[in-house]
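Here's the structure, in structure tokens; my notes come after.
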Amino acid sequence: MRILQLHCDSIEYMPTKKEIQSAEEIEPKKIRIEEVIVCFTAVEKDDDSKIAKNAISEIQESMKKVGCDKLLLYPYAHLSSTLASPGTGLKILKEMEESCTGINVMRAPFGWTKTFSIKVKGHPLAESSKVFSNDQPKDQSKEKTSTALESESKIKSYWYVLTPDGKMEEVEKFNFSNHKQLEVLAKYESAKKRHVDEPPPHVNLMKKLAIADYEPASDSGNMRFYPNGRLIKSQIEQYVTDKIRDYGGVEVETPIMYDSHHPSMESYFNRFPARQYSIDSEGKHLFLRFAACFGQFLMASDFQLSYKNLPYKLYELTRYSFRREQSGELVGLRRLRAFTMPDCHAFCKDMQQAIDEFRKRFDLSREVLSGLGIEENDYEVGIRFTEDFYNENKELINEMVSKVGKPVLVEMWKEKFFYFVLKWEFNFVDNLGKASALSTDQIDVENAQRYNITFTNEKNEQQNPIILHNSPSGAVERVIYALLEKFAKQAKEGKRPQFPLWLAPTQVRLIPLKDDFLEFTSKLAEKLTEQNVRVDIDDRNDTINKRIRDAEKEWISYVLVIGEKEVNSPSLSVRDRATGDVRQLSIEDFIKEIKDTTNGKPISKLNSAILLSQRPQIMV
RNA sequence: GCUCCGAUAGCUCAGCCUGGUAGAGCGUUACAUUGGUAAUGUAAAGGUCGUGGGUUCAGAUCCCGCUCGGAGCUCCA
């Protein structure tokens, strides 16, 4: 229980509005009291009757000293962040009121927003604050917080905005009027307040498009992916993997759980700011990985590395990485407790090589996002570094900002606090003004030593490499979230959103006008399937209009009605979702158009029955 | 994590304030209908009203706990 006790000439308050549903039933009227001790009181989680009595006896004692016999108990939540439930709060306050003896006690109503004006006396004992709690403090929960989590809140950083022409301006002084999204990232001015409680638009879309959904039988933040979602996710995974292999990444696979008492693990475990899942098994205390670092570092430390092998790039797509994020932060696909993370580490012989590699990965990440349909004006860039690193590498950082071509947010640390000296990330800003990181890269100068990763240098000595940690796309689930949020925004602007063709679960839908044309339609479907086009057939007994409407609701790019006309002519009637118009195309031209649009992207077969009549309805 | 809000048919929701027979649209199934680019017609099936307790002659409805979801957390008694 926390109390702010004030000896006042007068206080005047007026209940204006019920703050919570369980607010006390009272007649709201203005109250004025003269010559009174006002106790602003916050009832906290573990408070009980004993604490209430202690508090009152201490308050009464101090009232004797100042010679005042009027007490006002004033519920005041803002004193504490670990409040009791409203029911308990009210009960305890009532107990305090009742246990007063020989004084005139009053209580301001609970659960109401109140205006108040107050005149506090000027003597030394007029103001005091008090904290009451049970003797044995409950510290067990705190013990487990990693040191990184605790010290992260203490770390001192300086915020700037760096412009493409190389000007670094303090964030408070920067004019954000043409850079609203960056402003959201800088949290300099919080996003517009929403009057209606509404989930972010992608949550509705992920269900309507039968992509993903919550799984109540698992832990929060562990999603189920329906056939459509699995196909989209699989395509993104394959695309990012292809791009990283092209860049030179070597793909490996490592375990998802580790022994937290393994010597290499203990210090990193405490240093990384994440809350982890743990599993006890046969006397071992295991934890689920929150990144691919563990497996790759343990693997690399067993390799015989020469400077001639460097830079050496290990890559893994984690399905899954686990982080036990605070439950209040989990919404839809934005932030999860189990997620799929492409993670590419580069082991470099020295800082110069690390910086050269860093440049390549910056370009790679921009290219990957663009290939996924997330363009430069969809994200804002944050760059973080130590002051020393900046002074020695101004050119590199200015070069990155000029590539981005717009101002970026900068965080500078006076000294190295984390294991890295430079880090950047691309942040997607969504429809509700929330920023989330997608791609990122870091220059790590610590972990090689921690994991005993060494290479033999030119002088035949053992040396620790510098390690880069890059995810060119960010979590795959978060990429889907960003795409869906982007589509929702387009829909709001009256556009017709659709997935890039290579990501669409169905690329072409065929609708036979009546059963007589089903055979011709099936043959056409076969031809398209041979050309790696994902095509399905709506053979359900519904009207043409109805089936077209359903195809549009599924955001299918191409819809072909097959009837008399098509059977008797070489051309197809292709309805294009982008325009809503019907075009006449030969089958060759149609296939060419699809191939041109999906060129360079992974290929995947249809992930559902080809006939719609054979599919269960997943989402309406 | 904390505070508040919500949970009724597969989906979206009404009913709850003021306790007394479980509702609609979409979807599903059956039958009719064989159509030319965003909703064909008729009928039927489908719900221990999230879960556990309490108050009551009687609870979807009122009260309390729990689970799951949402919003806010610089704003909250």
Side-chain angles (χ1 to χ4, degrees), chain A residues 2 13 15 17-24 40-45 73-90 92-93 107-114 116 141-142 145 187 189-191 193-200 203-204 207-208 210 213-221 275 324-332 432 434 496 509 511-518 538-556 558-566 573-577 579-583 616-620:
Chain A
R2 288 168 185 270
Y13 65 85
K17 179 175 144 244
K18 274 190 186 182
E19 195 72 55
I20 52 173
Q21 209 179 38
S22 54
E24 274 182 274
F40 291 103
T41 306
V43 181
E44 296 185 287
K45 218 172 165 214
L73 292 172
Y74 196 108
Y76 201 70
H78 315 272
L79 293 172
S80 171
S81 57
T82 52
L83 291 169
S85 70
T88 316
L90 179 55
I92 300 269
L93 280 164
R107 194 167 53 76
F110 188 91
W112 288 73
T113 305
K114 300 177 279 287
F116 71 85
S141 61
K142 264 197 169 173
T145 312
K187 283 188 187 150
E189 190 179 83
S190 58
K193 185 152 178 127
R194 320 280 305 181
H195 294 287
V196 193
D197 283 359
E198 64 181 48
V203 174
N204 195 29
K207 297 182 189 197
K208 285 282 166 212
D213 208 345
Y214 300 107
E215 175 50 78
S218 181
D219 188 29
S220 314
R275 301 163 173 88
R324 244 191 48 224
E325 304 287 6
Q326 297 191 74
S327 62
E329 295 189 308
L330 305 169
V331 191
L432 305 187
K434 300 258 182 193
R496 302 155 61 85
R509 170 146 308 158
I511 304 180
L513 201 56
K514 52 182 177 182
D515 292 348
D516 304 355
F517 304 120
L518 188 54
D538 191 346
D539 59 334
R540 295 173 304 175
N541 184 11
D542 281 313
T543 57
I544 292 296
N545 281 336
K546 177 64 187 298
R547 284 181 283 170
I548 287 185
R549 179 181 152 81
D550 281 353
E552 291 289 349
K553 272 164 58 182
E554 286 181 55
W555 297 9
I556 289 167
Y558 297 111
V559 180
L560 279 62
V561 174
I562 310 295
E564 205 87 39
K565 221 166 67 188
E566 288 72 24
S573 310
V574 178
R575 182 187 164 106
D576 192 334
R577 174 173 167 83
T579 57
D581 295 337
V582 178
R583 286 182 285 147
Q617 185 96 27
I618 295 175
M619 284 290 170
V620 179

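Computed over heavy atoms, backbone and side chain alike; hydrogens, waters and symmetry mates excluded. The chains referred to below are lettered A, B, ... by the order of the sequence lines, with proteins before strands, and numbering in each begins at 1.
- Regarding contacts with the backbone of rU28(B), a side-chain N or O of Q617(A) is found under 4.0 angstrom from either OP1 or OP2.
- Annotation: rG70(B) and rG52(B) have their C1' atoms spaced 23 Å apart (nearest Å).
- Side chain of Y214(A) to main chain of G332(A): a donor-acceptor pair is present (N/O by atom type, distance under 3.5 Å, no hydrogens or angles).
- The aromatic rings of F40(A) and F116(A) sit tilted relative to each other, their planes meeting at an angle between 30° and 60°.
- Pairing for rA14(B) is absent, judged as Watson-Crick or G-U wobble with the two contacts each under 3.5 Å.
- Of the candidates rG72(B), rA71(B), rU37(B), the closest approach to any side-chain atom of V561(A) belongs to rU37(B).
- For rU3(B), the paired base is rA71(B) (Watson-Crick or G-U wobble, both distances below 3.5 Å).
- Taking atom C1' on both nucleotides, rU21(B) is separated from rA38(B) by 40 Å, rounded to a whole Å.
- A 3.5 Å limit on both hydrogen-bonding distances identifies rG20(B) as the Watson-Crick or G-U partner of rC57(B).
- Closest approach to the V331(A) side chain among rU34(B), rA38(B), rG70(B) is made by rG70(B) (side chain taken as heavy atoms from C-beta onward).
- With V559(A) as the fixed residue, the side chain to side chain contact (heavy atoms under 4.5 Å, CB included) test singles out one of E554(A), R575(A), R577(A): R575(A).
- Under 4.0 Å is where a charged nitrogen must lie from a carboxylate oxygen, and between D550(A) and R540(A) at least one such pair does.
- Pairing partner, rG65(B): rU51(B), with both Watson-Crick or wobble hydrogen-bond distances short of 3.5 Å.
- Counting non-hydrogen atoms under 4.0 angstrom, R496(A) reaches a base of the nucleic acid.
- Along RNA chain B, the nucleotide nearest to V574(A) and the one nearest to N204(A) differ in position, and the one closer to the 5' end is contacted by N204(A).
- Counting non-hydrogen atoms under 4.0 angstrom, G221(A) reaches nothing in the nucleic acid.
- Nearer to the 5' terminus of RNA chain B, by closest-nucleotide assignment, is the contact made by D515(A) (compared with the other of E552(A) and D515(A)).
- Comparing rA22(B) with rC16(B), their C1' atoms sit 13 Å apart, to the nearest whole Å.
- In this structure, rA9(B) forms no base pair with any nucleotide, since neither Watson-Crick nor G-U wobble geometry is met with both distances under 3.5 Å.
- Counting non-hydrogen atoms under 4.0 angstrom, I544(A) reaches the backbone sugars and phosphates but no base.
- With a 3.5 Å ceiling on both atom-pair distances, rU34(B) lacks any Watson-Crick or G-U wobble partner.
- Under the rule for a salt bridge (charged side-chain N to carboxylate O under 4.0 Å, His left out), R547(A) has no partner lying at least two apart in sequence or in another chain.
- On the P atoms, rU56(B) is 43 Å away from rC75(B), given to the nearest whole Å.
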- List the steps and the verdict of side-chain contact (heavy atoms from CB on, under 4.5 Å) for V561(A) and I548(A). CA-CA 9 Å; V561(A) 174; I548(A) 287 185; 3.9 Å; yes
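- Residues meeting the salt bridge (charged side-chain N to carboxylate O under 4.0 Å, His left out) test with R549(A), sequence neighbours left out: none.
- Comparing atom distances between the E566(A) side chain and each of rC11(B), rG70(B), rG36(B) picks out rG36(B) as nearest.
- Distance from the side chain of S573(A) is smallest for rG36(B) among the nucleotides rG36(B), rA38(B), rG72(B).
- Close to rU37(B), at under 4.0 Å from its OP1 or OP2, lies no side-chain N or O of R577(A).
- A distance of 10.5 Å separates CG in D213(A) from CD1 in I618(A), rounded to the nearest 0.5 Å.
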Distances under 3.5 Å only, N/O to N/O: pair up the protein atoms with those of nucleotides 39-41 of chain B.
from, atom 1, to, atom 2, distance (Å)
rA39(B), N7, R549(A), NH1, 3.2
rA39(B), N6, R549(A), NH2, 2.7
rA39(B), N1, R549(A), NH2, 3.0
rU40(B), OP1, T543(A), OG1, 3.0
rU40(B), OP2, T543(A), OG1, 2.7

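- Side chain of V582(A), nearest nucleotide from rU37(B), rG36(B), rG69(B): rU37(B).
- When both distances must be under 3.5 Å, the Watson-Crick or G-U wobble mate of rA44(B) is rU28(B).
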